[in-house]
Amino acid sequence: MTDEEAALFLQQSRTATVATIGPGGFPHLVAMWYGLLDGKVCFETKAKSQKVVNLRRNPAVSCSVEAGESYDQLRGVAIEGTATIIDDTSSDEYWAAAISVFERYQGAYTPQLRPLVEQMMNKRVVIRVDPVRVRSWDHRKLGLAALPVAGSTAQYL
């Protein structure tokens, strides 16, 4: 994907798989809803969550967002980066991230909704992913013939 296509894909997608390094050195993977701040992925999570504990020890983080039900439709963006934990609730960036996540999954934000967003952010921090490397793929550009969605899992789609 071009940079513009990758940015649009992240804007239009809903769920990221986020990886941190667990205490035993193994990846700790979680599915996360996310927001975007100046094109950077950010998410909010409980301050005492395992992923935050992991990031305080080692700020290395990876995020993957993907789509497609058949090989010819697979596409996605993978980001390797450094996590910045934002726990200052008076920070403009903290609230901008909270509002971004709220709007992506709940609807348009208005100042009247501030109490709801404050409740959503209770005991939570914001994690901003500062990219070091971004990779993307889009099998739709391969020129393959359309493939049917098949196999034992197709019935569940």
Side-chain angles (χ1 to χ4, degrees), residues 1-70 73-141 157:
M1 294 183 195
T2 65
D3 290 346
E4 294 77 20
E5 289 169 332
L8 182 61
F9 180 79
L10 290 173
Q11 287 173 7
Q12 294 175 345
S13 298
R14 290 185 61 87
T15 306
T17 301
V18 177
T20 60
I21 305 301
F26 291 96
H28 175 258
L29 295 171
V30 291
M32 296 292 299
W33 283 357
Y34 65 94
L36 294 167
L37 285 179
D38 298 323
K40 293 181 181 180
V41 169
C42 60
F43 53 95
E44 49 84 13
T45 187
K46 290 288 187 187
K48 293 184 178 182
S49 68
Q50 184 64 54
K51 65 190 134 322
V52 173
V53 171
N54 293 344
L55 291 169
R56 289 193 192 283
R57 184 180 52 257
N58 179 347
V61 64
S62 293
C63 302
S64 178
V65 179
E66 56 84 25
E69 302 296 341
S70 59
Q73 295 297 309
L74 296 178
R75 58 200 178 279
V77 175
I79 303 163
E80 296 172 355
T82 303
T84 298
I85 299 170
I86 304 164
D87 53 10
D88 177 2
T89 60
S90 67
S91 161
D92 289 342
E93 187 175 24
Y94 179 93
W95 290 108
I99 290 168
S100 177
V101 172
F102 178 87
E103 287 190 322
R104 287 173 59 82
Y105 304 98
Q106 304 300 325
Y109 174 81
T110 65
Q112 293 77 18
L113 293 171
R114 176 74 179 219
L116 185 59
V117 175
E118 287 174 346
Q119 182 181 10
M120 176 185 92
M121 294 302 291
N122 183 45
K123 298 181 182 179
R124 297 176 96 77
V125 298
V126 167
I127 307 297
R128 183 186 70 233
V129 178
D130 297 314
V132 173
R133 181 178 182 198
V134 177
R135 291 173 284 155
S136 65
W137 58 95
D138 188 345
H139 287 197
R140 298 172 307 175
K141 293 181 176 184
L157 297 176

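From a predicted model like this one, the values you see are computed outputs, not experimental measurements.
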### Message
For the NZ atom on K123, are there more than 12 heavy atoms of other groups (residues, nucleotides or ligands in this structure) within a distance under 6.0 Å?
### Response
no
### Query
Are E5 and K141 ion-paired here, with the side-chain N under 4.0 Å from a carboxylate O?
yes
#### Entry: Contact summary for G22 and R57, nearest pair of heavy atoms
C-NH2, 3.2 Å
### Query
Do you know the tightest heavy-atom contact between L55 and A60?
CD2-O, 3.6 Å
### Sequence neighbours excluded, every pair satisfying side-chain hydrogen bond (donor to acceptor under 3.5 Å, both in side chains) that has a member inside residues 94-109
Y34-R104
Just so I know, are the side chains of [X] and [Y] near enough to count as touching, which here means a heavy-atom distance under 4.5 Å?
{"X": "N54", "Y": "P23", "value": "yes"}
{"X": "L36", "Y": "V41", "value": "yes"}
{"X": "R140", "Y": "Q73", "value": "yes"}
{"X": "I127", "Y": "V61", "value": "no"}
{"X": "V134", "Y": "I79", "value": "yes"}
{"X": "T45", "Y": "V125", "value": "yes"}

[atom1] of [X] to [atom2] of [Y]: how many Å apart, nearest 0.5 Å?
{"X": "M120", "Y": "I99", "atom1": "CE", "atom2": "CD1", "result": "8.5 Å"}
{"X": "R128", "Y": "I86", "atom1": "CZ", "atom2": "CD1", "result": "5.0 Å"}
{"X": "H28", "Y": "S49", "atom1": "NE2", "atom2": "OG", "result": "7.5 Å"}
{"X": "W137", "Y": "R75", "atom1": "CH2", "atom2": "CZ", "result": "11.5 Å"}
{"X": "Q50", "Y": "T20", "atom1": "CD", "atom2": "OG1", "result": "7.0 Å"}
{"X": "L74", "Y": "E66", "atom1": "CG", "atom2": "CD", "result": "7.5 Å"}

### Message
Checking side-chain contact (heavy atoms from CB on, under 4.5 Å) between T82 and each of V132, V129, N58, which is the one that passes?
### Response
V132
### Query
Is there any salt bridge (Lys or Arg N to Asp or Glu O under 4.0 Å) pair reaching into residues 44-54, and which pairs are they, with sequence neighbours excluded?
E44-R124
### Task
Could you give me the CA-CA distance, side-chain angles and deciding distance for V126 and M121, then say whether side chain to side chain contact (heavy atoms under 4.5 Å, CB included) is met?
CA-CA 9 Å; V126 167; M121 294 302 291; 3.8 Å; yes
### Message
Under a 3.5 Å distance rule, please check whether S136 uses its side chain to pair with a backbone N or O of A6 as donor and acceptor.
### Response
no
### Task
Would you please test L116 and F102 for side chain to side chain contact (heavy atoms under 4.5 Å, CB included) and show each step?
CA-CA 9 Å; L116 185 59; F102 178 87; 3.8 Å; yes
### Message
Under 3.5 Å, is there a donor on one side chain and an acceptor on the other for T110 and Q112?
### Response
yes
